[in-house]
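Single-structure report; data block below.
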Amino acid sequence: MNTHQASFVRASMIEASPAPLLESGVAYWLRKNLFATPKDTALTIISLLVLAWLIPPAIQWLFIDAAWSGGGRGVCATVAQGGSQPDGWSGACWAFVNAKFSQFIFGRYPPDERWRPALVGIIFVLFLVPMLIPKVPYKGLNAFLLLVVLPILAIILLPGGWFGLTYVETPLWGGLMVTLVLSFVGIAVSLPLGVLLALGRRSTMPVIKMLCTIFIEIVRGIPLITVLFMASVMLPLFLPQGVTFDKFLRALIGVSLFASAYMAEVVRGGLQAIPKGQYEGADSLGLGYWQKMNLIILPQALKLVIPGIVNTFIGLFKDTSLVSIIGMFDLLGIVRLNFSDTNWASAVTPVSGLIFAGFIFWLFCFGMSRYSGFMERVLDTSQQR
């Protein structure tokens with residue numbers, strides 16, 4: 001009888017493995033993320049060298065050599081340029097930003113009346129923060145305060161003309177106030193309208209589907225600057241003589257409709273990602289169309305497309321700068337407008353103002369992006385982590 005040793009049976013003991021490396025702490029993070037392979041190590045070293053080359057001069061220009069206080073262009077210009085700084089000096093002119101800060105926030109809004117937009121901003125924060133914290137109760141009441149009460153208060157306080165308040169025409173509005181008003185209204189209107197347009201485009205009713213499709217494709221096919229130009233210049237030509245709408249109101253409507261068309265396609269992508277079984281399961285329970293959408297389909301679809309929704313919001317926030325085409329001055333517009341102030345004309349003033357505006361835009365956009373990631377983690381119902 002022939003015998004042989006099976007190839008899958010070991011003839012000797014396995015050598016002892018080394019102890020596992022520590023999988024926590026700074027050293028582990030660096031090894032895993034920056035020095036895992038020779039290629040990662042090379043890229044990390046190159047990146048560190050580039051940062052070491054760029055960061056020190058940037059810190060020197062932005063903070064160490066910057067002019068932080070003073071009045072007039074003299075603090076931001078060299079002696080040869082008619083200022084007080086030594087020849088060869090170059091640094092950020094934060095004195096310009098400090099002197100114009102209130103104008104960057106409120107635009108040309110009358111100084112004595114700026115408590116009104118400041119009060120609206122405080123109320124906005126007080127209503128928004130509880131809405132963003134998942135564990136805070138009474139979300140329905142919070143949404144009512146944010147989406148109904150706040151707009152009413154804003155309509156009363158910002159333009160005025162009510163209850164003895166001085167009327168402030170919208171061409172005097174500007175700065176961060178205009179950016180936030182346009183963004184808030186655009187976000188608050190575009191999301192529900194985009195959901196309705198997405199549902200309409202997937203409707204089985206031919207007329208509804210055709211109208212929603214035509215609206216979405218036309219609006220998505222033209223740039224926002226064209227929409228604002230049409231709303232500001234062309235729309236009054238089609239209105240009866242003596243009938244007109246406020247320019248800022250036209251901008252609000254144009255921005256909201258433009259964003260809703262993009263939002264509709266984002267939501268439609270989420271609806272198409274829902275398995276057919278979810279629709280059939282809702283139908284088997286005897287749910288009506290709106291019950292099925294509100295209770296089963298939309299909650300899942302919106303959760304899937306949170307990144308796309310927030311991406312649209314971020315794009316909308318940045319696109320508010322285009323209102324300069326209709327003579328409104330948002331944050332970027334009012335910063336650029338102040339470049340023409342001869343009292344602050346210097347070589348570094350424009351760069352300092354643009355860096356300030358860019359930082360404010362980045363701050364809001366980064367905040368929305370981080371909150372988007374937080375909500376994705378909160379709403380993640382999968383077992384994978």
Side-chain angles (χ1 to χ4, degrees), residues 17-70 73 75-81 83-98 100-101 104 176 179 306-308 310-319 321 331-332 335-336 338-339 344-377 380 384-385:
S17 300
L21 296 174
L22 183 64
E23 296 189 359
S24 62
V26 177
Y28 170 75
W29 186 90
L30 292 174
R31 184 171 58 252
K32 178 181 178 182
N33 295 279
L34 301 180
F35 303 101
T37 64
K39 182 175 70 174
D40 291 343
T41 302
L43 292 175
T44 298
I45 294 174
I46 294 173
S47 299
L48 290 175
L49 292 175
V50 172
L51 291 176
W53 178 58
L54 293 177
I55 291 179
I59 293 177
Q60 185 80 18
W61 192 89
L62 289 171
F63 302 107
I64 299 176
D65 292 339
W68 292 92
S69 61
R73 63 181 299 274
V75 298
C76 298
T78 63
V79 174
Q81 297 169 340
S84 59
Q85 299 291 349
D87 290 337
W89 172 88
S90 180
C93 185
W94 300 129
F96 164 72
V97 176
N98 184 46
K100 300 289 185 177
F101 184 77
F104 291 166
L176 184 61
T179 299
I306 287 178
V310 176
N311 186 60
T312 304
F313 290 164
I314 291 174
L316 172 62
F317 184 82
K318 294 185 292 185
D319 286 344
S321 297
L331 175 61
L332 181 59
V335 169
R336 295 179 61 189
N338 278 276
F339 293 164
W344 286 98
S346 72
V348 296
T349 297
V351 179
S352 303
L354 293 175
I355 290 176
F356 170 76
F359 175 74
I360 297 298
F361 274 100
W362 174 83
L363 195 63
F364 279 91
C365 293
F366 182 76
M368 285 189 281
S369 176
R370 292 300 88 202
Y371 184 76
S372 168
F374 166 72
M375 288 306 301
E376 288 182 63
R377 292 189 296 272
D380 184 14
Q384 299 180 355
R385 290 291 185 268

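Values in this document were obtained by computation on a predicted structure and should not be read as measured data. Just so you know, these numbers use all the heavy atoms, side chains as well, and skip hydrogens, waters and symmetry mates.
Applying the side chain to side chain donor-acceptor pair (under 3.5 Å) test to every pair with at least one member in residues 32-46, sequence neighbours left out, gives these pairs: T37-D40.
Across all their heavy atoms, A357 and L331 have their closest contact at O-CD2, 4.2 Å. A66 approaches W94 most closely through the heavy-atom pair CB-CD1, 3.5 Å.
Qualifying side chain to side chain donor-acceptor pair (under 3.5 Å) partners for D319, counting only residues two or more places apart in sequence or in other chains: none. Every residue meeting the ring-ring contact (aromatic ring centres under 6.0 Å, His included) condition with F374, not counting sequence neighbours, appears here in chain and number order: Y371. Not counting sequence neighbours, N98 has no partner by the side chain to side chain donor-acceptor pair (under 3.5 Å) test. Remark: F63 pairs with no residue by the ring-ring contact (aromatic ring centres under 6.0 Å, His included) rule, at least two apart or across chains. Partners of A80 under the side chain to side chain contact (heavy atoms under 4.5 Å, CB included) rule, at least two apart in sequence or in another chain, are T78, D87. With sequence neighbours excluded, the residues that form a side chain to side chain donor-acceptor pair (under 3.5 Å) with S90 are W61. With sequence neighbours excluded, the residues forming a side chain to side chain contact (heavy atoms under 4.5 Å, CB included) with V310 are I306, I314, M368, S372, listed by chain and number. With sequence neighbours excluded, the residues forming a ring-ring contact (aromatic ring centres under 6.0 Å, His included) with F104 are F96, F356, listed by chain and number. In this view, F366 and W362 satisfy the ring-ring contact (aromatic ring centres under 6.0 Å, His included) rule, not counting sequence neighbours.
In the displayed structure, F339 atom CZ is contacted under 6.0 Å by more than 12 heavy atoms of other residues, nucleotides or ligands.
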Pair L62-I355, side-chain contact (heavy atoms from CB on, under 4.5 Å): steps then yes or no: CA-CA 10 Å; L62 289 171; I355 290 176; 4.0 Å; yes
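Using a 4.5 Å heavy-atom threshold, the side chains of V75 and W68 count as separate. Proximity of P307 to E376: side-chain heavy atoms (C-beta onward) are separated by under 4.5 Å at one or more points. Inter-residue side-chain proximity for N338 and W344 is flagged as unmet; no heavy-atom pair is nearer than 4.5 Å.
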Give every donor-acceptor pair under 3.5 Å between a side-chain atom in residues 53-60 and any protein atom, sequence neighbours left out.
residue, atom, partner, partner atom, Å
Q60, NE2, D65, OD1, 3.1
Q60, NE2, D65, OD2, 3.0

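Distance OG/S346 to CD/Q85: 10.0 Å, rounded to 0.5 Å. Taking CG of L354 as the start and CZ of F361 as the end, the distance is 11.0 Å to the nearest 0.5 Å. Rounded to the nearest 0.5 Å, atoms CZ (F359) and CZ (F364) are 10.5 Å apart.
Without hydrogens or angle criteria, S369 side chain to C365 main chain gives no donor-acceptor distance under 3.5 Å. In terms of modelled atom types and a separation under 3.5 Å, the side chain of T349 and the main chain of A345 share no donor-acceptor contact. Remark: the backbone N or O of Q81 is paired with a side-chain donor or acceptor of R73 at under 3.5 angstrom.
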